[in-house]
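Okay, structure first, notes after.
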Amino acid sequence: MAVRSASPEDIYATHPEKKVSLYFMVLGFIALTIGVIFGPFQIFNYANIDLYPALQPIFKSYYQGLTLHGVLNAIVFTQFFIQGSLLYLQARDSNLRPLMPVAWTAWWIALIGLALAAWPLLLNNATVLYTFYPPLKGHWAFYVGAALIIVSSLVSVFLSVEMWVRWKKQNPGKPTPLVTFMTTATWMMWGLAAMGLVVEAVFFLIPWSLGWMKGVDPLLARSLFWWSGHPIVYFWLLPAYVSWYGLLPRQAGGKLISDPLARMAFLGFLVFSTPVGFHHQFADPGISAFWKGVHTVLTMMVAVPSLMTAFTIAASLELAGRANGGKGALGWVKALPWNNPSVVAQLLGAIAFIFGGAGGIVNASFTLDYVVHNTVWIPGHFHLPVATASTLTFFGIAFWLIPHITHKPLAAPRTALAGVWLWFVGMLFMAFGMHLMGLQGVPRRAHISAMNAINDGVYASSAGYMVFNAIAGVILTIAAVQLFYVLYATLFSRRRLPADQVPEVPLAEAISGPEGKNGVKVMDRLFFWWGAAVVLVLIVYMPTLVQLFLHMVPAPGMRLW
Ligand code: HAS
Ligand code: CU
């Protein structure tokens, strides 16, 4: 029987936003592919195995590899995937078309930004790590490229808010659909959060790297960086939450237990994500202990919506498991669809985040952070939320969304399943090794596998933990090969699904919906909540930033690589 298969033009005809979303996601995955290559080199370093000489003369050092790893994975992949997936989910959820020329403009700006930044990164002229702290000074193209990438994200903020405002005008008095609410709140949060980086890049880093300014005050630059640098981690997390709340319950065979609770969590993130950056600067001089204390309290506040999420998602999953026939205290866990790679990727990501969240609370404690700050505990921490919870969830989304957009079947679902399990197990091994090494005082961002004879053996007390990292390196390499194989084999496949087998957008229903609830009306006033966030950020940042602006101590640039 001849099966009618859609040509590419057909696929995009009804929904042109599919194409721009796919282009964003694929660009993100290409960046991730390159960034992930350096992962094993990084983790074997922390197993005291130096593989970097093998990359000579193309890649010059551990630090160049680390910069590429951090920039491409944490900054580029996340943002591009989010720009693509959220745009599409919001468009479908609210049944509106984004402003297409604007969406394509965002994509082109992102591409040009990436190309500009990649050039000095690959030539070892911007080995400044993904935090690009002055006085480390990279090539101007890196800063201009990074700034363009941020500009592209701001265009996405506009696209999302514009679509939401349009929906509100067309549907007066009705509550915003949940996925639209969550994506708009995420983008509004980022719109405020990004301002620190914008000021740092435009007024300091770009003019300085072009030679128009003699120096930059490192403390001021760090403070502006962390204005954005903390909420950027929620910008990576919230799109995963959009999927956990808005789609996963249905994928698992059930419903979301409470729609208003999801909205409340997102409002919590909108208001409390940004005024917390000093928890990255507890060890910095020049910021008063009072304001560091205030940021600690607010950091604990922003953990609350994550704890609410843990409750809501676990309860929704339990209902799904029971609907699938699971009985007894834990029988519902077994009854979840463990054969569906999209679901399993998200479940394992969420489980990893339980440990990542616990470590985060330790970091956020003003006093405890002194024990772990600048040790390898910190990368142990953040690989759980960003490299496991978000990244696995993004793969989970791609596993249905790419077949949905392209009408191509997911290639090798069993390999996908193996890949997500191995990724999860490898990351847990790695996090375990790194957290414990951190407690032994092993520094982060250090080429410890290439120490000179005098210092050799200084971290011998961590030798046992290094074994975990070595095992993790092997497991994660296999997992990465599997996941990228599935991804590219799907994208390049010539097979087409018959129309009735193309996956739908699995928008979940809620047991307790938004209708008739007064609280939902109040929560729907997103501009008001955004205004509250702006006020709070100004209160907790301005006293310190004004002081820092008035007493700048510019440092000349340095090239240490
Ligand atoms: Fe963090 C450093 C504090 C969350 C990422 N963090 C970092 C860095 C990164 C990062 C990249 O206060 C390093 C930056 C650098 O290079 O210097 N972090 C926190 C706190 C939280 C937190 C309090 N971090 C994240 C997330 C990230 C991320 C999310 C990325 C996406 N972090 C810090 C601090 C530092 C820091 C300090 C600086 C340390 C220093 O000294 O430099 C919290 O928001 C975490 C709250 C989370 C929870 C967990 C909730 C659990 C859920 C899952 C439930 C599971 C279910 C599954 C339902 C309370 C929602 C059920 C499954 C079944 C099968 C049934
Ligand atoms: Cu933070």
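Because only heavy atoms are used, hydrogens play no part in the values below, and waters and symmetry mates are left out as well, while side chains stay in. What you see is a predicted model, and the numbers here were worked out from it, not measured in a lab. Whatever order the structure lists them in is the order used to number ligands and atoms, beginning at 1.
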Between F41 and H447, does a ring-ring contact (aromatic ring centres under 6.0 Å, His included) hold up when you go through it step by step? CA-CA 11 Å; F41 291 84; H447 197 183; over 10 Å; no

Here the N/O/S atom of H280 closest to the Cu ion (ligand 2) would be NE2

Identify, for atom 45 (C) of ligand 1, the protein heavy atom at the shortest distance, and state residue, atom and that distance. G357 CA, 3.7 Å

Of all the heavy-atom pairs spanning P249 and A320, show the shortest one and how long it is. O-CB, 4.4 Å

For the CG atom of L87 and the OG1 atom of T183, what is their distance to the nearest 0.5 Å? 9.5 Å

Ignoring hydrogens and angles, tell me if any N or O in the side chain of S228 forms a donor-acceptor pair with the backbone of A193 under 3.5 Å. yes

Starting at CG of L32, measure out to CZ of F80 and round the result to the nearest 0.5 Å. 12.5 Å

Check ligand 1 against Y130 and write out every atom of the ligand that is under 4.0 Å from a heavy-atom position of the residue. 11 (C), 13 (C), 14 (C), 15 (C), 16 (O)

Give the residue, atom name and distance (to 0.1 Å) of the protein heavy atom nearest atom 30 (C) of ligand 1. V233 CB, 3.4 Å

Which of the N/O/S atoms in H279 sits closest to the Cu ion (ligand 2)? NE2

Name the closest protein heavy atom to atom 51 (C) of ligand 1, giving the residue it belongs to and the distance to 0.1 Å. F353 CD2, 3.7 Å

Ring centroid separation F278 to W291 under 6.0 Å: no

Whether D369 side chain and A283 backbone form a donor-acceptor pair below 3.5 Å: no

Tell me whether D369 has any N or O atom under 3.5 angstrom from an N or O of ligand 1. yes

Atom 1 (Fe) of ligand 1 to nearest N/O/S of H230 less than 2.8 Å: no

Of the choices H381, M308, K334, H295, which has the non-hydrogen atom that lies closest to atom 24 (N) of ligand 1? H381

Under the 3.5 angstrom rule, does the side chain of D93 hit a backbone N or O of F181 as a donor-acceptor pair? no

Protein heavy-atom partner closest to atom 12 (O) of ligand 1 - residue, atom, separation in Å: A364 CA, 2.9 Å

Less than 6.0 angstrom from the centroid, inside 45 degrees of the normal: does K137 satisfy that with respect to the ring of W208? yes

Kindly say whether the aromatic ring centers of F81 and F29 come within a distance under 6.0 Å. yes

Give the residue and atom name of whichever protein heavy atom lies nearest to atom 19 (C) of ligand 1, and the separation in Å to one decimal. G360 CA, 3.5 Å

Of Y234, W226, F225, the residue with the heavy atom nearest atom 4 (C) of ligand 1 is Y234

Just to confirm my output: which protein heavy-atom neighbour is closest to atom 57 (C) of ligand 1, and how far is it? A350 CB, 3.6 Å

Looking only at non-hydrogen atoms, the one of L317, L238, T296, T78 nearest atom 63 (C) of ligand 1 is L317

For ligand 1, the portion of W377 having any non-hydrogen atom under 4.0 Å away: neither

Are any of the N/O atoms in S306 less than 3.5 Å from those in ligand 1? no

Which atoms of ligand 1 sit under 4.0 Å from any heavy atom of Y241? 60 (C)

Apply side chain to side chain donor-acceptor pair (under 3.5 Å) to S153 and W190, showing your working. CA-CA 8 Å; S153 76; W190 178 242; 2.8 Å; yes

Which atoms of ligand 1 have any heavy atom of A310 under 4.0 Å away? 51 (C), 52 (C), 54 (C), 58 (C), 60 (C)

Using distance alone, decide if ligand 1 has a nitrogen or oxygen within less than 3.5 Å of any nitrogen or oxygen in R444. yes

Are the side chains of T184 and F266 in touch, meaning some heavy atoms are under 4.5 Å apart? no

Protein contact of atom 34 (C) of ligand 1 - nearest heavy atom, named by residue and atom, plus distance: N363 CB, 3.2 Å

Contact partition for F235 relative to ligand 1, non-hydrogen atoms under 4.0 Å: neither

Which atoms from ligand 1 have a heavy atom of T299 less than 4.0 Å away? 23 (C)

I'd like to check which ligand 1 atoms, numbered from 1 as shown, lie under 4.0 Å from a non-hydrogen atom of L237. 29 (C)

Among protein heavy atoms, which sits nearest to atom 13 (C) of ligand 1, and what does the distance come to when rounded to 0.1 Å? F382 CD2, 3.3 Å

For ligand 1, which atoms sit closer than 4.0 Å to a heavy atom of V386? 30 (C), 31 (C)

Relative to the heavy atoms of I351, which atoms of ligand 1 are at a distance of less than 4.0 Å? 62 (C), 64 (C)

Under 4.0 Å from any heavy atom of L307, which atoms of ligand 1 are there? 59 (C)

So which N/O/S atom does H230 have closest to the Cu ion (ligand 2)? ND1

With W236 as partner, the option from T78, T393, T391 fulfilling side-chain hydrogen bond (donor to acceptor under 3.5 Å, both in side chains) is T78

Give yes or no for whether the N/O distance cutoff of 3.5 Å, strictly under, is met between H373 and ligand 1. yes

